Amino acid sequence: MRRLTVFFYVRVRDTLGIGGSDLSYTIIVRGESYGPFPPFVSSLCNDIYEQDGLPELARQINQNETQRGRLLCPSGDADWVKFFALAGYTYYLYTNTRPYAPPDANGILPGADTLLFLFGRDAITLIDSNNNIEGGATLDSLVRFTPAADGIYYAQVKNVGDIGGMFIRYDLTLKACPVEQPACAPPPDILPAPPPAAVEVIPLAQDVAPLIEAHLAPQAAPELVADAGGEMIVALAGAQPIARQIDPAFTGAWQRLDLPVAAGRAQRAWVWGPAPRLARSEPYVQSETGLRQVLYFDKGRMEINNPRQVRTMPSFVTAGLLVAEMVMGRVQVGDNEYVPHQPAMLPVAGDLDDARAPAYAVFAGLLSPVAERAGVPVTEMLLADGSVQSSSQPVRPETRMVRFVAETGHNIPRVFWDYLTAPGIVYDNGVYRTGRMMDWVALVGYPISEAYWVRTRVGGVERDVLVQLFERRVLTYTPDEQSAWRVQMGNVGQHYYLWRYGGPLP
């Protein structure tokens with residue numbers, strides 16, 4: 001028999017469009033001699049939806065359609081779909097592997113643990129992602145989406161660890177709800193079960209004001225309780241459901257600085273906020289699963305980038321570089337990997353509908369290093385268009401520069417430096433004590449701008465506020481506020497979530 005020599009071609013593409021000179025990969029080609037019981041038959045990987053491994057090959061899924069028997073095969077398989085969505089409608093996109101699980105597997109198909117990513121109309125901008133339906137009893141995934149504009153949107157389904165197999169099947173459903181109502185939601189077996197009746201979580205009594213919180217009375221600490229499995233849980237702010245699977249390290253980081261405030265032991269503004277707002281997983285290239293666990297607060301976001309790191313190390317829980325991302329217009333999805341995004345056109349301080357206040361995007365032109373200005377007070381007023389003029393504020397001694405940060409080439413005024421380095425009451429290992437409050441570089445980051453006066457509306461009232469942008473936080477100083485609340489963290493967590501996902505924090 002004559003043998004034929006045939007050349008095959010392979011194209012490798014990064015589905016997120018990140019790229020980078022420091023990214024590498026390995027291609028492995030293996031050969032098999034098939035016997036009567038082959039360990040793997042590649043042709044069985046071709047379900048009726050293939051080819052769908054690239055955005056341009058995405059198969060259409062229609063509203064209220066279920067595509068049955070999709071395969072996550074071979075290893076590394078990525079299934080793309082697209083759908084047309086109308087602005088204002090609510091869409092649920094979810095996987096379901098349970099129909100293919102054997103009776104003795106408790107509804108979980110062996111090897112199946114779906115990852116679901118939702119992208120914008122460019123098939124690049126990441127809108128949302130989900131690993132496991134929060135509070136559910138399976139390893140299926142679900143995203144809920146309310147688009148701001150009509151158009152075709154894209155989604156990708158993968159398996160955790162890029163595990164693939166001829167028998168890893170799932171159903172994919174798109175449900176459209178013109179009017180949000182219980183009858184239009186996914187069926188009860190998809191959504192999380194209600195919390196056990198024996199667990200009582202006391203919600204916080206009051207919401208957080210947009211910026212100035214001095215008028216709020218001290219609030220009771222959110223009660224930490226154990227659910228039926230012994231896991232510690234904490235209530236979300238307002239009337240939100242219980243945030244399950246919150247890593248205890250997150251809770252400890254919040255308790256250290258904000259539990260004394262919530263319990264009335266310390267008179268100061270929140271560092272994170274009165275309670276968590278949203279726990280979720282977000283893409284991260286270096287993570288073993290491609291996702292990292294994050295927890296959103298009003299003032300920032302906590303992250304666990306490496307769950308295998310020693311949990312007692314201060315760097316186990318990190319604070320997100322949210323301000324730097326909003327100013328530079330990029331979403332970080334890895335140690336050095338970013339997805340492009342428009343810079344944030346949200347005011348850095350004050351009411352979100354105040355068009356006269358400078359937005360994060362304005363500061364992109366103010367990042368360049370400057371000379372050391374020791375002893376020089378802040379007298380510049382920053383306008384919404386990025387121009388700088390002399391401030392009408394009197395020269396205030398507390399705004400004189402006292403710290404030059406060579407790493408970024410910016411100066412920190414005394415009022416902010418005193419706040420970053422001040423001792424205070426903290427909660428450590430079950431006791432309240434007075435000590436160093438924060439590692440300011442880890443919590444706030446280096447300054448990326450000089451400090452400026454801005455004229456902004458806070459709760460409907462015009463005020464002059466001193467602001468300075470750091471990598472992770474925004475610091476504000478309001479001279480006519482009560483002394484304990486003059487320096488505050490900006491609502492960076494709220495701003496970032498609105499910027500990245502197009503809607504407010506739940």
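Predicted, not measured: the structure shown is a model, and the values here were computed from it. One-based numbering along the sequence shown.
Of the N and O atoms on the side chains of Asn411 and Glu450, at least one donor lies less than 3.5 Å from an acceptor on the other residue. Side-chain contact of Glu398 with Tyr477: a donor-acceptor pair under 3.5 Å is present, judged by distance alone. Donor-acceptor pairing under 3.5 Å is lacking for the side chains of Arg308 and Asn306.
For an aromatic pair to be called close, the ring centres must be under 6.0 Å apart, and Phe416 with Trp440 fails this. Between Tyr446 and Phe470, the ring centre distance reaches or exceeds 6.0 Å.
The aromatic rings of Tyr91 and Phe83 lie tilted to each other, with the angle between the two planes from 30° to 60°. Note on ring orientation: taking the six-membered ring where Trp is involved, the planes of Tyr452 and Phe363 are perpendicular (angle over 60°, cut-offs 30° and 60°).
Asp480 has no carboxylate O lying under 4.0 Å from a charged side-chain N of Arg486, or vice versa, which leaves the two without a salt bridge. Remark: Asp428 engages Arg433 in a salt bridge, criterion side-chain N to carboxylate O under 4.0 Å. We find that Arg472 and Glu325 are not joined by a salt bridge, their nearest charged nitrogen and carboxylate oxygen being 4.0 Å or further apart. A salt bridge links Asp353 with Arg457: at least one charged nitrogen is closer than 4.0 Å to a carboxylate oxygen. Look at Arg292 and Glu303 and you find a salt bridge, because one of the NZ, NE, NH1 or NH2 atoms lies within 4.0 Å of a carboxylate O, short of that distance. Look at Glu337 and Arg330 and you find no salt bridge, because none of the NZ, NE, NH1 or NH2 atoms lies under 4.0 Å from a carboxylate O.
Counting only distance, with no hydrogens or angles, the side chain of Ser141 and the backbone of Asn131 share a donor-acceptor pair below 3.5 Å.
The side-chain contact (heavy atoms from CB on, under 4.5 Å) with Leu382 is formed by just one residue from the set Val348, Leu366, Val467; it is Leu366. The one candidate from Phe145, Trp80, Tyr153, Tyr154 that meets the ring-ring contact (aromatic ring centres under 6.0 Å, His included) condition with Phe119 is Trp80.
Seen from the ring of Tyr432, Arg265 counts as a face-on cation partner, given the 6.0 Å and 45° thresholds. For the pair Arg473 and Trp272, the cation sits on the ring face: its NZ or CZ lies under 6.0 Å from the ring centre, inside 45° of the axis.
The heavy-atom pair separating Pro260 from Ile425 by the smallest distance is CG-O, 3.6 Å. The two atoms that bring Val271 and Asp258 nearest to each other are N-OD1, 2.9 Å, heavy atoms only.
When the ring-ring contact (aromatic ring centres under 6.0 Å, His included) test is applied to Phe404, no partner is found at least two apart in sequence or on another chain.
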Show your reasoning for whether side-chain contact (heavy atoms from CB on, under 4.5 Å) applies to Leu475 and Met489. CA-CA 5 Å; Leu475 290 186; Met489 301 277 189; 3.6 Å; yes

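With a 4.5 Å cut-off on side-chain heavy atoms, Val444 and Tyr419 do not count as touching.
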